[in-house]
Structures are given as structure tokens and as C-alpha cells.
Amino acid sequence: MNTPTLPSSRDDCLARDAADPLQPLRAQFDIAEGLIYLDGNSLGVAPRATAARVQQVLRDEWARDLIRSWNTAGWMDLPARIGNKIGRLIGAAPGECLVADSTSLNLYKVLSAALGLAGAAGAAAGARRVIVSERSNFPTDLYIAQSLAKQHGCTLQLVDDAAELPGLLAGLAGRLAVLMLTQVNYRSGARHDMAALGAAAHAAGGLVIWDLAHSAGAIEVDLHRDGADFAVGCGYKYLNGGPGAPAFVWAHPRHAQGFWQPLSGWLGHAAPFRFSPDYQPAPGIARYLCGTPPILSLAALECGVDTVLAAEPLGGMAAVRAKSVALSELFITLAEARCGALGVRLASPREAALRGSQVSLSLAPPLHEAGYAVMQALIARQVIGDFRAGDPARLHAVPHLLRFGFTPLYIGHTQVWDAVHQLQQVLAGGEWRDARFQQQAAVT
Ligand SMILES: *Cc1c(COP(=O)(O)O)cnc(C)c1O
């Protein structure tokens, strides 16, 4: 990749931000002046439009128009309408992507469907019964896979290092049911090669499911080009849909009809308002709906997705990605230059092409246990990232991480500069040792 020169002073950063074509997008967000929010990979910032839109749904569509709004306000169309908008960010054609339920539930649906297509859901001889993922995948993905493996008598095989995947997949030819991965790792920000791994899974006779929780709205994704079979993703991270926002689900059109997903609720029926006692799945992705969609949450999610689509006339996801890379490179360079001697180590891939939109840092001994307190001290200085615990027994291999997400819609170069300055202050002064930063809250 052609890396532009990095700004070398705070004034350089200010100039870079002033010339940034994406800079106007920040005004879309309701974010306190002076707050440096580097946690959009966990919970995106509230769009300004959301409060008014949700108010309108409450007041006009619900309170005034009541049940008529299912038709008159287009409530029934929201899952497909917002799904189509998200589809534009991930290379899905209209009608292929749907908003429904949570990422966990959608994983359950698509993994069930993929196992069904592999024959693993039945007792047939020759069925493919191995699910492959990686140990560092997000826990809910692994838990859902464990549950379905148990239910269908499949095995779940996990790799510790993504480099093992091609060899493992080749060795499972004829036995692989599904390769199920999160494209961008929630801990390290490391990004898989979707096309190469998809091809390897297909060569072994399996299907591939991608969790796009840290991809959608963060990096360019092209599910068709890169040979995906199924995908799911999250509405409240880079899509700014609000806490617990509904998630999305995509199936390649050649699979969408191939199998009944197991959560066969009435709204995934071909004709819900016929109230038939017998389930007949709706054609295509619509069968991935289960129950009544959460309209207030969908209204908020649509505002969030619109903040990302607002980048389309400004260069779209290519421009968002280019700025994300620039911000991440600046962060890494500054963090190593200014905080390296204080114990900070890069815990994400160094090469931009191998990362998503997040950079993780770890702390070298003797600070290797101090990550949580350091992050708390940083948050007290108005720089919000988050902390992900490592494996206490093997901190050298799975270290505690300080995570920093770079959402180019509302983060600029100057904030990156200032964030590293604050980190340096926290470490150099030892203020993280203060007792108030040691108290672990329930949510880190
Ligand atoms: C955030 C995230 C989820 C969240 O799942 P929920 O069902 O919304 O709680 C799932 N998978 C990955 C990879 C995530 O990063």
C-alpha cells in the first residue's frame, strides 16, 4: 500500500483534518467537545438525527397512528429496507441482506442452515461434520458453534493461529462442513483474507460463514467477490445503531432458500397474515425473520446506518478505509515513539492490510498486569478506549489488551495525536497506580 507521509506535529494534524474530505461527517454525531472516543468498535456514537427520529416514531407513528403504522409508516418494510442499506456496505445486492434479532441469534440461524446444507443436520452417510473456527474468535460465536455441534453430533475444531487454517482446511477435504470466522478479530484487530480462506473452505467441500461485526462500516467488504456463503454482523458498533441495536444477516442467493433456518417464527413465514397452522418459509432471506421486529430500535439503527452511507458521495467505504488506515498508522507510530520506552507494545498486525479499523496495545513487564488501570486512567483524561483481559496463566501469549477503535466518521488526526499524548502522561506519571483506577466494573 502507498502510505502517505504521516503528520509530524500537532499543527500538521490540524492541517490534515482541515483538508480532510470526510471531516464534515463528524457534525452528524452528538459527541461532547473534547471527548476522544476510540471505542466505536464496541459501541458507536449517537447520531444527532436519532433522538428526533425516535421521538417521531413514538409520537406520530405509535402514539397517534397506532397499529395503522405497520402499513402507513412502512414498519413492516424496515428489516428489508435497512438490510438493503447495510447491503451497500458489504457487497450484497438488494433483497439479500436483512436486519433481525442479534448477531448471536443470526449466527445460530446461518450456522444451522450451513450445517443443513452440508448434510450434517441429518444422519446421512457422507455428511460433512466438522466446523472450523479459531480460539480467539468472539466467545458468542464459539458458544453458538459449540451448542450446534453438540446438537448435530459435529466436531468444532479451533486453531490457535490463523496461519494453521489453510493446512487444516486442506486436510479436512470431504469432511469440512463449515468454516466460521469473524473477519476482523475483536481482540487484536487482525483481519482475515476473506477470498483466500473462502476458496480454501470451498476446495475442501465446505461452506464459509463470516461474522462482520468489526467489518461492516469499518472496512470495504465484498461478499460476492470474495466467495462468502453466509454472513452476519452487528448494528451497534461501526453502524452506530445504538446499544443492543438489531443485527443483520445475509445468505448467498444460491443458499437463501436451501434450508429452513431453525427459528421458524411467524414473520419468516411466506404469508404471516394468513395465520396458517403450518410453517411455509418465505422466499429468500425473508425467512430469516423470526418474530415481530423492534421498530424503535430499527428507527435508531437506520439513522446510524445513514451516517455511514453519508460517506458515499465523499468516496464511500474506500475513503473511510483510507482515512482509517491513516489514523491507525499515525497512532501506531506515535504510540511506539512516545510510549515504547514506557512499556507499550503493538498487539495488532503491523501491516495495515492485515488490520481492521482497530489497534490494540499491550504492556510489557513489569506493567503487564496494569492494562485495566491504565485504561481507566486514560478514560479519566477523556480518552475512551477499552480493555480486554488476557489469559492470566499465559499473559506472554495472550496479553491484556488496550483497544483503540478508529471510526473515521468522527475521529481526526488531531485526536489521535492528543490520545497518544494522554497515554504518555498516564504512563510517565504513574497515575494509573491510583486506587480509584483499580476497581473493576462489570463491563470493561
Ligand atoms: C460484538 C460481537 C458480537 C455481538 O453479538 P450480540 O449477539 O450482539 O451480543 C458477536 N460476534 C462478534 C464477533 C462481535 O464482535
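Just so you know, ligand 1 is whichever comes first in the structure, and atom 1 is the first atom listed for that ligand. We count residues from 1, following the sequence as given.
Each of the following atoms of ligand 1 lies closer than 4.0 Å to a heavy atom of A213: 2 (C), 12 (C), 13 (C), 14 (C), 15 (O). The contact set between ligand 1 and T182, taken as ligand atoms under 4.0 Å from a residue heavy atom, comprises 13 (C). Atoms of ligand 1 found under 4.0 Å from any heavy atom of S102 (numbered from 1 in listed order, with element): 7 (O).
The existence of a salt bridge linking E351 and R191 is excluded, since no basic side-chain nitrogen approaches an acidic carboxylate oxygen closer than 4.0 Å.
Among protein heavy atoms, atom 14 (C) of ligand 1 sits closest to K237 NZ, 2.8 Å. Nearest to atom 5 (O) of ligand 1 among the protein's heavy atoms is T103 CB, 3.5 Å.
Backbone and side-chain nitrogen or oxygen atoms of Y236 are examined, and one is located within less than 3.5 angstrom of a nitrogen or oxygen of ligand 1. Here's the thing with S104: one of its N/O atoms is less than 3.5 angstrom from an N/O atom of ligand 1.
When heavy-atom distances to ligand 1 are checked against a 4.0 Å cut-off, D211 comes that close only through its side chain, counted from C-beta outward. Within the 4.0 Å heavy-atom criterion, the part of D141 lying near ligand 1 is the side chain and not the backbone.
No donor-acceptor pair under 3.5 Å is formed between the side chain of T140 and the backbone N or O of S104.
Using modelled atom types and a 3.5 Å distance limit, the side chains of N41 and H214 yield no donor-acceptor pair.
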Between Q157 and T155, does the side-chain hydrogen bond (donor to acceptor under 3.5 Å, both in side chains) criterion hold? Intermediate values first, please.
CA-CA 6 Å; Q157 247 177 278; T155 31; 5.2 Å; no

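Each of V443, D39, L401 was compared with D386 under the side chain to side chain contact (heavy atoms under 4.5 Å, CB included) criterion, and only D39 meets it.
A heavy-atom distance below 4.5 Å is found between the side chains of V159 and E134.
Y372 has its ring centre no less than 6.0 Å from the ring centre of H400.
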